[in-house]
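Data first, discussion second: the structure below is written as structure tokens.
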Amino acid sequence: MQFNKTGSLDMFRVIAAFLVIAIHTSPLYSINETADFILTRIVGRVAVPFFMMVTGYFLYQAIQNKDRSYIRSSVIKISTIYGLSILLFLPVNYYSGYFQDTFSWNKLVKDILFDGTFYHLWYLPAMIVGILIVTFGIQRFGLRASWVGAIVLYGIGLLGDSYYGLVQTTNSLATFYESIFTIVDYTRNGLFFAPIFLILGITIAKTNLSYSMKHILIGLFSSGSLFIMEGLLLHSHSWQRHDSMYILLVPCMYYLFLLLRKLPGKSSKTLRNLSLFLYLIHPWIIILVRGFAKVMNQEQLLIYHSLIHYLVVCGVSLLVSIILVLLFSNTKKENHVSPDSRAWIEIDLGALRHNVKELNQTLPSQCDLMAVVKANAYGHGDVIIARELMRTGIKAFAVATISEGIRLRQNGIKGDILILGYTNPKDFSYLVKYKLIQTVVDYAYAKLLNDYPKMITVHIKIDTGMHRLGIPVENRIEIEKIFHCANIKVAGVFTHLSTSDRLLDEDIQYSKQQIQQFYQLIDSLKENGYQPGKLHIQSSYGILNYPDLTCDYARAGIALYGVLSTPGRTGTPIHLKPVLSLMARIAVIREIDSGEVIGYGRQYQTKSKMTIATVTIGYADGIPRHLSENDAYVLLHSKKAPIIGRICMDQLIIDVSHINEVKQNDIVTIIGTDGDKQIRCEEIADKCGTITNEILSRLGERLEYQYKDKL
Ligand SMILES: *Cc1c(COP(=O)(O)O)cnc(C)c1O
């Protein structure tokens, strides 16, 4: 499971960019050399590994799914940035004499691949090489073997970097490294340095560990202070050939990343771009600030006072980066398509509140609504619907899956959230983390829940005749045993009626028997001293046909959305308002001669001259293909326009011969009202031989949403 918790990571990218600038300007040098060493050669060294870990963290999903296109596009993107950066610094290369004495094509190639053509640019080829090595390694040999490989590579790198002093004690090692350094300038590159941090990021994404804040802070503090000691010690022994790679940098990065991931914050593309620009342009700014200082005769202040120099470079870099970010974001804004451009769902929140009121009036006063918002709130958009329901005072929600529950929590939905379905034991930790209530689907499952070391809150489902989920009502002993489980907190007991929507005598008999068996069980539990908690039986039709039950909750789904599953009467008269409308636009209008055929399979043949229009919605948006076979129509200028020919994936064709005012881009209503005409979802469901629940919950993901409040 992947969560979008990246806000603090984005924030830290900017901090890391300022650390990189510090590495290149030594802010504390004129104040205290040791302090400067600690800041720029030890602490500042977290910056680049951090960038690599974030990349690994987001690469995880792609590797997991063998999604080559994501990996390819990441590599292409970094290569493009690298190419542009090479050009950006070409003038500096030129003036610094890069192309004179020591230049050779070999050197250019190895610089492009490993060391970078300018001093900070090594990072970009390192990312490319690292990503290629790591994705290949994991796909070919698995994560564990890749870890071993990455550690070995990092070890080789360490000996050529901060631990170089060790190498010089052994002749053969010294020759080995001499030959390495004829090829590359440093071991801090894509081969030795990048893989371990990419894999560390990937591993954190994969295991999704959740340590306590205290644990993380202790880890960070202890590894961090040891890391600084390591750096100082190596420095004092003059072992360092370069100072990018340390042993304790790895655990330190691990805890730092866990800490950042735990902090709140909103993911921000602006911050990501800002840090990238800061990183890329600051060497230019250093050159410009120095040049400016010389021209103005201010070298003493602007260059030799290292802290002021640093702050000026940071300030100017930030300014230029902000300008670049603004330039970039302006050119990209064009992508926002307005929600009513092609095909969209219109949600009337006033109607939703009206339905809540109607249902509450139908139920006895002590019975509260548990709003069923599974399947994206039956296609209505779960988060916004749940938020609106929260405002009406609803405090209990039901979903089908754990991901749906987590999504609600992550979007600020409070109150009880009951998962009606099965949750894989692998994911039990999320039940605790997000305070979700799990349904006990059978007795074996209760034992699994109890085996999980932390307390999980549950509602026990009782099977009184539906035979889908739940413990059979006659297995009273098993049900009682659940109350004894030390790691399970029973907060409710419920059942589901299998035929509450039907009003034939035998159906009513069956439902009544289900209800009676449920209450008998509850009575006996209570007699034996068990507290069953919240009780609930009814779904929408249970409310409409058996409104007098005295439960704690009624699980309202379809009725909340203002429709019934099928057209017809219910035991209680109730006035519900449909919440959802479905609209699309006219793409093309054309005249067709008599005897022509229209659409796939030559299904429809015109009997006379006709005007037809193509509408921008199809079965991929959730309109059943089957609908066109059953005299279906849409509304346009308050008139009915029949659907003709087969419904296509993205389009359908209608007859508009009788609608003179029709124009391109006109709005077509597929579900909803237009003037004095209305198409109800029940009607469409009926024509397709199904129930509204299915039609609504299958509305396609690519539809846009418009929320309105008509009351
Ligand atoms: C989906 C569901 C509901 C809601 O049903 P509606 O008929 O839409 O009201 C209630 N209870 C359970 C167990 C469900 O799965």
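Remember, it's 1-based here, ligands and their atoms both numbered in the order they're listed. Along the sequence shown, the residues carry numbers beginning at 1.
Considering L449, I456, N450, D451 in turn, N450 is the only one that fulfils the side chain to side chain contact (heavy atoms under 4.5 Å, CB included) rule with N487.
No donor-acceptor pair closer than 3.5 Å links the side chain of N376 to the backbone N or O of Y378. Side chain of N360 to main chain of L363: no donor-acceptor pair is present (N/O by atom type, distance under 3.5 Å, no hydrogens or angles). Checked by atom type and distance alone, the side chain of Y553 never pairs as donor or acceptor with a backbone atom of I537 at under 3.5 Å. When atom types are taken as modelled, the side chain of R409 and the backbone of I413 share a donor-acceptor pair closer than 3.5 angstrom.
The N693 neighbourhood of ligand 1 comprises atoms 8 (O), with distances under 4.0 Å to a heavy atom of that residue. The contact set between ligand 1 and H496, taken as ligand atoms under 4.0 Å from a residue heavy atom, comprises 10 (C), 11 (N), 12 (C), 13 (C). When each atom of ligand 1 is checked for a heavy atom of K461 under 4.0 Å away, the hits are 13 (C). For ligand 1 and R468, the ligand atoms under 4.0 Å from any heavy atom of the residue are 13 (C), 15 (O). For ligand 1, the atoms sitting less than 4.0 Å from at least one non-hydrogen atom of Y378 are 1 (C), 4 (C), 5 (O), 6 (P), 8 (O), numbered in the order shown with element in parentheses.
Between G557 and ligand 1, an N or O atom pair is found at a separation short of 3.5 Å. Among the atoms of S540, some N or O lies under 3.5 angstrom from an N or O of ligand 1.
Under a cut-off of 6.0 angstrom, the local environment of CZ in R387 is crowded, with over 12 non-hydrogen atoms contributed by other residues, nucleotides or ligands.
Using a 4.5 Å cut-off on side-chain heavy atoms (C-beta onward), Y705 and P339 make no contact.
For atom 11 (N) of ligand 1, the nearest non-hydrogen atom of the protein is R555 NE, 2.8 Å. Counting only heavy atoms of the protein, atom 3 (C) of ligand 1 lies nearest to K374 NZ, 3.8 Å.
At a heavy-atom distance under 4.0 Å, atoms from both the backbone and the side chain of I558 approach ligand 1.
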